[in-house]
Amino acid sequence: MTAATHESSATATAGRSAVATPRKVRGREERSLGSSIALHGTLIVATVIAAFPVMWILFISLGPKNAWQQPSEVFSHLSLHNYSDVLSQTDLPKWFLNTVVVAGGTTVLGVFLAATAGYAVSRMKFPGSRQLMWTFLVTQMFPSIVLIVPLYLLMSELNLLDNYLGLILAYATTAVPFCAWMMKGYFDTIPKEIDEAGRVDGLTPFGTFWRLIVPLAKPGLAVTAFYSFLTAWGEVAYATQFMQSDHYTLAVGIRTFAQDQRPDWAWTSATAIIITLPAALVFMLVQRSLVSGLTAGGTKS
Amino acid sequence: MTTAASTEKTDQPAPGKNAARPPRVSALRRSWDKYWYAWAMVTPVAIVLTVLVLYPLGYGIYQSLTDANESNVASTIGAFHRPATYKFVGLDNYWHVLSGADSDFYPRLLWTVIWTVSCVTLQVGIGMGLAVLLNRKVRFRGFYRAMLILPWAVPSFIGVFAWRLMLNSQYGVFNEIITAFGLPAQDWLGTPLAQKIAVIMVNVWIGIPFNMVAVLGGLQSIPRELYEAAEMDGASPWQRFVNVTLPGLRPVSNTVILLGCIWTFNMFNVIYLLLGNNTSGDADILVTFAFRKAFTGISDYAGAATYGIIILALLLAFSTFYRRSTLKSEQA
């Protein structure tokens with residue numbers, strides 16, 4: 001079978017040069033029925049494994065209180081009860097608001113820091129730029145535990161414990177290094193001639209950045225913003241240690257339902273779905289650019 | 001600041017070198033004023049990193065040289081302020097940990113290495129396999145792709161909770177599924193070995209999509225001509241994979257493996273949230289172990305800081321070594 005494929009693609013290459021491309025591709029892509037079934041079979045199995053836990057928690061969240069013990073009960077008692085319960089009887093709305101404030105703050109701060117630093121490093125090979133990028137890379141290696149205790153003590157001295165700003169600053173340290181790499185990669189794709197034209201027309205370097213480059217870099221900035229947002233949305237360790245009950249974020253709050261001893265899975269599952277929806281939506285919008293930004297930054301280093 | 005000083009140094013000899021390298025020097029001169037803007041633009045990030053990363057790092061290093069714990073650090077309870085009474089103990093903490101005297105470090109390190117290697121191998125391997133499948137012309141490709149990245153789209157702690165629900169020993173659906181396939185049910189979150197398998201399984205589940213998407217991007221950047229040339233030479237599909245696909249993926253796979261190792265080594269959410277606090281600690285990796293040291297019982301800040309610095313040193317050494325060896329293999 002392989003031999004036949006090679007032959008046909010070889011003749012295709014020899015036969016036509018202009019219209020050959022689609023033909024040749026198909027030559028390699030030809031499959032027997034058996035391998036087609038195997039291919040789809042593998043993909044279907046993988047899809048089921050990937051989606052099942054998420055679907056399962058959605059499924060349980062739609063059932064009665066004891067659904068996690070008797071999943072078969074769910075079909076006969078489908079309802080949104082758990083959702084209305086967690087929204088009305090618990091502090092979930094407050095946690096949601098806290099998380100939005102913290103994630104929003106992290107996004108603004110993260111984008112600002114990453115964009116300015118990324119632009120400076122992308123455009124100007126100033127002394128210190130290499131060290132700065134190196135610092136960013138090393139910062140990504142920091143286990144949160146290295147920083148969490150000193151940060152905790154530092155924040156308590158600065159009265160920033162149990163404070164939105166404290167958590168936002170802590171998240172900025174995790175989000176910014178990666179975002180700065182990504183922004184540098186993005187700024188590198190914008191031609192330098194644009195900066196030069198701006199300078200010729202009498203803009204200051206900062207004016208060039210603000211008026212010319214920032215509008216052009218909107219897609220890159222959007223990805224940075226979403227990444228910072230998601231970092232803050234899903235972080236557990238800092239939030240657990242820094243915040244008290246009034247300022248709980250979702251990641252901490254959900255643990256009051258999903259306790260170690262007797263987790264309340266009905267509420268946990270409904271809360272989980274409520275937390276997931278915004279994050280997954282944001283994620284699906286940006287995931288393509290997220291990866292290309294990441295690999296570009298990594299390979300060009 | 002140091003950066004400013006070093007520019008002046010690089011700039012001053014510029015006129016002298018004018019003849020040797022004219023383009024670079026004139027560029028330097030033209031951009032002389034730009035530098036100030038460059039520094040102005042990196043100042044915010046430099047301040048934030050200095051205050052929130054470098055200072056805590058220095059503080060952490062200092063703490064690891066003391067015997068600080070919850071009972072002797074400075075604290076303010078109401079109007080009462082208690083000054084710090086911990087003292088400098090030199091390298092005692094490091095010696096205590098590295099000599100094996102605390103009897104925790106080496107078992108945790110061994111398990112951390114096993115955990116990292118098995119997670120990264122499985123994530124990259126399965127991710128690459130799925131990427132190769134998705135890179136072909138398949139019907140419903142968009143659908144498969146969207147479903148396969150679902151574990152990444154969900155915040156990781158939610159994914160962990162979903163698995164905790166499924167792995168429940170008494171009512172969990174996971175045991176029902178595997179017994180249907182004839183495998184024995186396990187107390188997944190209870191017994192040490194089962195715990196270890198469970199955390200690896202969950203982490204691999206979370207990590208595959210990233211690897212898959214990254215490799216997919218890498219696959220699409222391999223020039224079609226290379227495959228055509230290989231076909232013309234009569235290479236079998238397997239030979240094409242080994243001799244065209246794998247080398248073409250090297251830049252991507254090197255990055256992905258390095259990042260995967262760093263992230264997995266430092267992975268906190270999966271182990272801490274899946275097993276909670278009522279665990280024997282057998283499945284704790286260095287990071288979660290240090291976290292428990294710092295925040296459960298009488299907080300042992302010095303011990304946790306020591307662990308943190310050791311983890312960081314291990315990762316730095318590994319990354320340097322890894323980058324050097326991959327650079328060599330790329331040049332070869």
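Within every chain, numbering begins at 1; the chains are lettered A, B, ... in the order of the sequence lines, protein sequences first and strands thereafter.
Contact annotation for R145(B): only side-chain heavy atoms (C-beta onward) come within less than 4.5 Å of a heavy atom of chain A. Within the 4.5 angstrom heavy-atom criterion, atoms from both the backbone and the side chain of T47(A) approach chain B. Using a 4.5 Å cut-off between heavy atoms, F174(B) does not touch chain A at all. Heavy atoms closer than 4.5 Å to chain A are found in the side chain of S319(B), but not in its backbone. Heavy-atom distances place no part of T271(A) under 4.5 Å from chain B, backbone and side chain included. Using a 4.5 Å cut-off between heavy atoms, L57(B) contacts chain A through both its backbone and its side chain. With a 4.5 Å cut-off on non-hydrogen atoms, A146(B) touches chain A through its backbone but not through its side chain. With a 4.5 angstrom heavy-atom cutoff, F161(B) touches chain A via backbone and side-chain atoms both. Looking at I262(B), only its side chain comes within 4.5 Å of chain A, counting heavy atoms on both sides. When heavy atoms are compared at a cutoff of 4.5 Å, L273(B) approaches chain A solely by way of its side chain, counted from C-beta outward. Within the 4.5 angstrom heavy-atom criterion, atoms from both the backbone and the side chain of I44(A) approach chain B. Only the side chain of W265(A) comes within contact range of chain B, with at least one heavy atom under 4.5 Å from a heavy atom of that chain. No part of A305(B) comes within reach of chain A, as not one of its non-hydrogen atoms sits under 4.5 angstrom from that chain.
For the atom pair L150(B) CG and I49(A) CD1, the distance stands at 13.5 Å (nearest 0.5 Å). Taking CZ of F52(A) as the reference point, atom CD1 of I177(B) lies at 4.0 Å (rounded to 0.5 Å). Going from atom CG of L54(B) over to atom CG of L147(A) covers 9.5 Å, rounded to the nearest 0.5 Å. Here the straight-line distance linking atom CZ of R164(B) with atom CD1 of I57(A) works out to 10.5 Å at 0.5 Å rounding. The structure places CZ of F157(B) at 6.5 Å from CG of L250(A), a figure rounded to the nearest 0.5 Å. Separating the CG atom in L134(B) from the CG atom in L43(A) is a distance of 5.5 Å, to the nearest 0.5 Å.
Among all heavy-atom pairs drawn from H40(A) and R139(B), the shortest one is CE1-O, 3.5 Å. Here the closest heavy-atom approach between residue F291(B) and residue A237(A) is recorded as CE1-CB, 4.3 Å. A pairwise comparison of heavy atoms in V42(B) and A117(A) identifies CG1-CA, 4.0 Å as the closest pair. Of all the heavy atoms in P56(B) and L151(A), the pair that sits closest is CG-CD2, 4.1 Å. Nearest heavy atom pair, residue P53(A) against residue M166(B), reads CA-SD, 3.5 Å. Closest heavy-atom contact between T173(A) and L52(B): CG2-CB, 3.3 Å.
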task = Would you sort out whether M41(B) and V121(A) count as a side chain to side chain contact (heavy atoms under 4.5 Å, CB included), showing the intermediate values?
result = CA-CA 9 Å; M41(B) 290 181 94; V121(A) 174; over 6 Å; no
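Counting heavy atoms from C-beta outward, P155(B) and L230(A) have side chains that stay 4.5 Å or more apart. I254(A) is listed as a side-chain neighbour of I158(B), based on a closest heavy-atom distance under 4.5 Å. Counting heavy atoms from C-beta outward, F136(A) and L49(B) have side chains that approach closer than 4.5 Å. You'll find the side chain of L154(A) stays beyond 4.5 Å of the side chain of Y59(B), heavy atoms only. The side-chain heavy atoms of V176(A) and V48(B), taken from C-beta on, include no pair separated by under 4.5 Å.
Contact count versus chain A (heavy atoms, under 4.5 Å) is highest, among I311(B), N269(B), V173(B), T306(B), for V173(B). Per-residue counts of heavy-atom pairs under 4.5 Å with chain B were compared for E157(A), Q241(A), Q131(A), R255(A); the largest is that of Q241(A). Among V154(B), L165(B), V45(B), the residue with the largest count of heavy-atom pairs under 4.5 Å with chain A is L165(B). Most heavy-atom pairs under 4.5 Å with chain B, from the set T268(A), L277(A), T204(A), I148(A): that is I148(A). Of the listed residues (V287(B), V51(B), V53(B)), the one with the most heavy-atom contacts under 4.5 Å to chain A is V53(B).
More than 12 non-hydrogen atoms from other residues, nucleotides or ligands lie less than 6.0 angstrom from CZ of R141(B).
Checking side-chain atoms of W56(A) against main-chain N and O of W163(B) turns up no donor-acceptor pair under 3.5 Å.
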